Amino acid sequence: MSIAGIFSAAAVVGVVGIFVGLFLGVAGIRFHVEKDEKEEAILAALPGNNCGGCGYAGCSGLAAAIAKGEAPVNACPVGGEPVGSKIAAIMGVEAGASQRKVAFVACMGDCDKANRDYEYSGYQDCRMMGFVPGGGPKSCNSGCLGYGTCAEVCPFDAIHVVNGVAVVDREKCKACGKCVEVCPKHLISLIPYQAEYAVACSSADKGPVTMKACQSGCIGCGLCMRNCPAHAVNVKDFHAVIDQEKCTGCGTCAEKCPKKCIVKM
């Protein structure tokens, strides 16, 4: 190739480079999106776990919603009240009272207390139990399957399977709700951290059926309801339910329960 050809090629490349650079520069200015300073500050205040417990797609989604006024300043379950207060200061509003919650597994049917209809040796995932006879090997169709799907999805290592039943570490739990969503038996719920007592059973079967399946199942006898001085316990569908807003933590229900399925938190 001649010297003239080399210079011509270099000139063409240079002109094209300048043109592309100018085009990108103009496009950057023309399509520039101004950043919301409040949104950036809110995102910096959030813990960054991106757990989705707030109902949004990660912390950035929540930050955008709060900045637009579409979500409360204390919507982050992981950050709790301290983070809510910081974000309230950024938004120039009152944080409001927030109640710490914790996941609770309503089952005591461990390997020693729950009966089994058969031995299962297939894929160890609670979500797969809908495809096996009886919804799982345990005789109680409402009990914890114990295969740890909830533990797998917990981003805070706050839940583990102990002797066939999922157990929550209350101090590690951030109430993100992932375990609640993934449990196929729907026996995990978020309750107030300050709750004194809870019913550790989810069975809605009649007493005789429950007793055949598990030694610690609620039989719906109503002793807890009749003896509660605060009228905080009711029996619905053969199952005791505690109204945490009415409960005074006296412990009478746990004391009277013949199956000892009402537990102190």
Side-chain angles (χ1 to χ4, degrees), residues 28 31-107 123-130 144-162 165-195 198 202 244 265:
F31 298 106
H32 174 69
V33 178
E34 292 291 337
K35 290 185 178 180
D36 188 327
E37 293 184 0
K38 284 187 176 181
E39 182 179 332
E40 293 292 316
I42 293 169
L43 182 59
L46 290 170
N49 294 91
N50 294 310
C51 63
C54 57
Y56 292 88
C59 293
S60 59
L62 177 59
I66 294 176
K68 294 175 184 176
E70 298 174 354
V73 295
N74 58 0
C76 176
V78 178
E81 189 171 344
V83 169
S85 298
K86 290 181 182 178
I87 295 175
I90 295 170
M91 294 294 293
V93 298
E94 293 292 330
S98 61
Q99 185 182 51
R100 180 181 175 184
K101 291 190 175 183
V102 65
F104 174 71
V105 181
C107 180
Y123 187 61
Q124 306 290 299
D125 189 312
C126 299
R127 292 166 292 192
M128 299 299 294
M129 293 300 102
C144 178
L145 294 163
Y147 296 121
T149 304
C150 52
E152 291 177 7
V153 301
C154 178
F156 306 102
D157 191 37
I159 187 165
H160 299 88
V161 174
V162 179
V165 171
V167 178
V168 176
D169 185 327
R170 288 163 54 83
E171 302 310 317
K172 287 185 178 180
C173 179
K174 302 299 181 183
C176 70
K178 285 188 175 294
C179 59
V180 177
E181 294 175 4
V182 79
C183 178
K185 296 294 185 177
H186 308 294
L187 54 86
I188 305 179
S189 61
L190 299 180
I191 66 173
Y193 179 83
Q194 300 298 331
S202 297
Q244 296 295 345
M265 303 299 293

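Keep in mind that what you see is a predicted model, and the values were worked out from it rather than measured. Start at 1 with the first residue, then count along the sequence.
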Practice problem: Flag yes if more than 12 heavy atoms outside Gln124 fall under 6.0 Å of its CD atom; otherwise flag no. | Solution: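 Enclosed.
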Indicate yes or no: at least one non-hydrogen side-chain atom of Cys126 is less than 4.5 angstrom from one of Pro184.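 When only atoms from C-beta onward are counted, Pro184 and Cys126 do touch, with a gap below 4.5 Å.
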Measuring from atom [atom1] of [X] to atom [atom2] of [Y], what distance do you get when rounded to the nearest 0.5 angstrom?
{"X": "Glu39", "Y": "Ile90", "atom1": "CD", "atom2": "CD1", "value": "11.5 Å"}
{"X": "Cys173", "Y": "Arg100", "atom1": "SG", "atom2": "CZ", "value": "8.0 Å"}
{"X": "Ile159", "Y": "Cys154", "atom1": "CD1", "atom2": "SG", "value": "6.5 Å"}
{"X": "Lys174", "Y": "Asn49", "atom1": "NZ", "atom2": "CG", "value": "8.5 Å"}
{"X": "Met128", "Y": "Tyr147", "atom1": "CE", "atom2": "OH", "value": "12.0 Å"}
{"X": "Cys76", "Y": "Ile42", "atom1": "SG", "atom2": "CD1", "value": "12.0 Å"}

Any residue meeting side-chain contact (heavy atoms from CB on, under 4.5 Å) with [X], in chain and number order, not counting sequence neighbours:
{"X": "Asp169", "answer": "Glu171, Lys172"}
{"X": "Pro72", "answer": "Asn74, Ala75"}
{"X": "Cys59", "answer": "Leu43, Leu46, Asn50"}

Quick note, side-chain hydrogen bond (donor to acceptor under 3.5 Å, both in side chains) partners involving residues 176-188, not counting sequence neighbours, are none
Practice prompt. For residues 52-72, pull every pair meeting side-chain hydrogen bond (donor to acceptor under 3.5 Å, both in side chains), keeping only residues two or more places apart or in separate chains.
Written response: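 Pairs touching residues 52-72 that pass the test: none.
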Pairing residues for Arg127 by the salt bridge (Lys or Arg N to Asp or Glu O under 4.0 Å) criterion, not counting sequence neighbours =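 Residues passing salt bridge (Lys or Arg N to Asp or Glu O under 4.0 Å) with Arg127: Asp125.
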Work out which heavy atom in [X] is nearest to a heavy atom in [Y]; give both atom names and the distance.
{"X": "Ile191", "Y": "Ala198", "answer": "CD1-CB, 4.3 Å"}
{"X": "Cys150", "Y": "Val182", "answer": "CA-CG1, 3.8 Å"}
{"X": "Leu190", "Y": "Gly177", "answer": "CD1-CA, 4.5 Å"}
{"X": "Ser202", "Y": "Leu187", "answer": "OG-CB, 3.2 Å"}
{"X": "Val102", "Y": "Pro192", "answer": "CG1-O, 4.3 Å"}
{"X": "Met91", "Y": "Ile66", "answer": "CE-O, 3.3 Å"}

Practice problem: Run the numbers on Val105 and Val168 for side-chain contact (heavy atoms from CB on, under 4.5 Å), then give the verdict. | Solution: CA-CA 7 Å; Val105 181; Val168 176; 3.8 Å; yes
